[in-house]
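Read the structure below first, then the notes.
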Amino acid sequence: MARLLYTVITSLDGFIADEDGSFDWAAPDDEVHAFINDQERSVGTQLLGRRMYGVLQFWETVLDEPGQPPVAVDFARQWLEADKIVYSRTLREVSTARTRIEREFDPGAVARLKESATRDLAVGGPELARHAFAAGLVDECRVFLVPCLVGGGKRAFPAGFRSGLELLEERRFAGGTTFLRYAPRS
C-alpha cells in the first residue's frame, strides 16, 4: 500500500507564506533542493488544492527554459511524471499534463487510491492536508524548517487539528534548514 506524505517548507514560526503571500525566504539552496528531490522520488500522485496547484504549475515549463540548475531540472522531471489531482470547486480547467480536477476531497476515494497505488501520494497545501489529517490518511509529515521568522501569514499546519507525532528522522543542512520526518502516533 502506498503512503500519503505531507511535505512542507515552513518558517520557524510555522508559516509557508508571509502576510503578503511571499515565500521567497523559503527557496531551498541546492543542497536542500537535492534532498527534497530524493524525498519526493517515491511520489507518483500529487493531491493539490487550487492555490498550491497554482504555485506548483510553474514546474510544467521549467525544462523549456535554458540554463536551469540540475536540481530544478530533476524536480521538474518528477513533476511532469507525476499524476496530479486538483481539489477545487472553482477551477474550470487545468493547464498541466496528467492532471484532473475533483470538486470535493473524498477520504474514501483517497484511501482506495492509497490501497491501489504502486507509488506514494503527496498532499500539498495545509488546507487540503487538514482533510487528509482528519480522515487519518496522512502517513508521514516531512517538515523543512527554514531559519527565519516571518511573523504571520499562511499556516504550515491546519488549525483546529491535534495529533501526536513520532520523530522518525532529522537532518541539519549547512545553510541552517532542518529536516524533520514524523509519523502520526497510533
Side-chain angles (χ1 to χ4, degrees), residues 2-11 15-18 20-106 109-110 113-114 116-132 137-144 146 153-158 175 177 179:
R3 300 170 298 169
L4 181 59
L5 313 172
Y6 178 53
T7 300
V8 63
I9 300 174
T10 179
S11 63
F15 299 98
I16 63 170
D18 64 26
D20 296 325
S22 176
F23 51 89
D24 57 345
W25 49 266
D29 62 23
D30 284 354
E31 179 190 20
V32 174
H33 202 171
F35 185 81
I36 290 170
N37 291 353
D38 289 343
Q39 292 293 309
E40 296 295 309
R41 221 168 287 291
S42 69
V43 173
T45 304
Q46 295 277 347
L47 310 179
L48 305 163
R50 179 186 50 79
R51 283 182 229 124
M52 185 59 72
Y53 172 69
V55 169
L56 292 176
Q57 66 187 357
F58 160 84
W59 294 101
E60 193 77 8
T61 60
V62 165
L63 296 179
D64 298 335
E65 300 173 22
Q68 293 295 318
V71 292
V73 169
D74 185 24
F75 190 85
R77 286 187 177 133
Q78 289 183 50
W79 167 263
L80 292 169
E81 292 172 5
D83 294 323
K84 293 160 273 294
I85 303 171
V86 181
Y87 295 88
S88 174
R89 293 185 190 102
T90 59
L91 191 64
R92 295 293 165 228
E93 59 185 39
V94 293
S95 61
T96 57
R98 302 180 69 141
T99 306
R100 75 174 197 261
I101 298 172
E102 292 289 336
R103 297 295 171 208
E104 301 286 332
F105 183 86
D106 178 352
V110 173
L113 185 57
K114 281 177 60 173
S116 66
T118 57
R119 296 181 67 202
D120 290 333
L121 292 79
V123 58
E127 292 168 26
L128 186 60
R130 176 174 48 88
H131 297 291
L137 295 170
V138 176
D139 298 295
E140 284 187 12
C141 295
R142 295 173 172 185
V143 180
F144 290 85
V146 178
K154 187 163 186 73
R155 296 173 52 92
F157 286 92
T177 295
F179 169 72

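All figures in this text were calculated on a predicted structure; none of them were measured in a lab.
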Drop me the distance from Thr177's OG1 to Ile9's CD1, to the nearest 0.5 angstrom.
-> 8.0 Å
Indicate yes or no for a side-chain donor-acceptor contact from Ser42 to the backbone of Glu40 under 3.5 Å, with no hydrogens or angles considered.
-> no
Do you know which two heavy atoms are closest between Arg98 and Ala82, and how far apart they sit?
-> CB-O, 3.6 Å
Heavy atoms of Cys141 and Phe157 approach each other most closely as SG-CE2, 4.2 Å
Trp79 versus Phe58: any side-chain heavy-atom pair under 4.5 Å?
-> no
Indicate yes or no for a side-chain donor-acceptor contact from Asp74 to the backbone of Ala34 under 3.5 Å, with no hydrogens or angles considered.
-> no
To the nearest 0.5 Å, how far apart are CG in Leu63 and CG in Leu80?
-> 5.5 Å
To the nearest 0.5 Å, what is the distance between OG1 (Thr45) and CG (Asp120)?
-> 9.5 Å
Are side-chain heavy atoms of Glu127 and Met52 found at a separation under 4.5 Å?
-> no
Just wondering, do Leu47 and Leu4 contact through their side chains at under 4.5 Å, heavy atoms?
-> yes
Taking atom types as modelled, is there a side-chain donor on Gln57 or Ser95 under 3.5 Å from an acceptor on the other?
-> yes
How long is the span from the CG atom in Leu5 to the CG atom in Leu121, to the nearest 0.5 Å?
-> 8.0 Å
Side chains of Gln78 and Val43: closer than 4.5 Å at any heavy-atom pair?
-> no
Spatial distance of atom OG1 (Thr96) from atom CG (Leu56) [nearest 0.5 Å] = 10.0 Å
Can you measure from CD (Gln39) to CD (Glu140) and round to the nearest 0.5 angstrom?
-> 8.0 Å
Kindly assign one of parallel, tilted or perpendicular to the pair Phe105 and His131, based on the angle between their ring planes and the thresholds 30° and 60°.
-> parallel
State, yes or no, whether a side-chain contact exists between Tyr53 and Gln46 at a heavy-atom distance under 4.5 Å.
-> no
Less than 4.0 Å between a side-chain N and a carboxylate O, is that true for Asp38 and Arg41?
-> yes
Side chains of Thr90 and Arg50: closer than 4.5 Å at any heavy-atom pair?
-> yes
Sub-4.5 Å side-chain heavy-atom contact between Phe15 and Arg155 | yes
Under 3.5 Å side-chain donor-acceptor pair for Asp20 and Ser22 | no
Locate the shortest heavy-atom distance separating Ala156 from Val8; write the atom from each residue and the value.
-> CB-CG2, 3.8 Å
Could you check whether the rings of Phe75 and His33 sit parallel, tilted or perpendicular, using 30° and 60° as the cut-offs?
-> tilted
Nearest heavy atoms of Ala97 and Glu60, plus distance in Å = N-OE2, 2.9 Å
With a 4.5 Å heavy-atom cut-off, do Phe144 and Pro28 have their side chains touching?
-> no
Closest heavy-atom pair, Ala26 versus Val146, reported as atoms and distance to 0.1 Å, is CA-CG2, 4.3 Å
If you take all heavy atoms of Trp59 and Ala72, which pair is closest and at what distance?
-> CZ3-O, 3.5 Å
Hey, is the main chain of Ser88 close enough, under 3.5 Å, to the side chain of Arg103 for a donor-acceptor pair?
-> yes
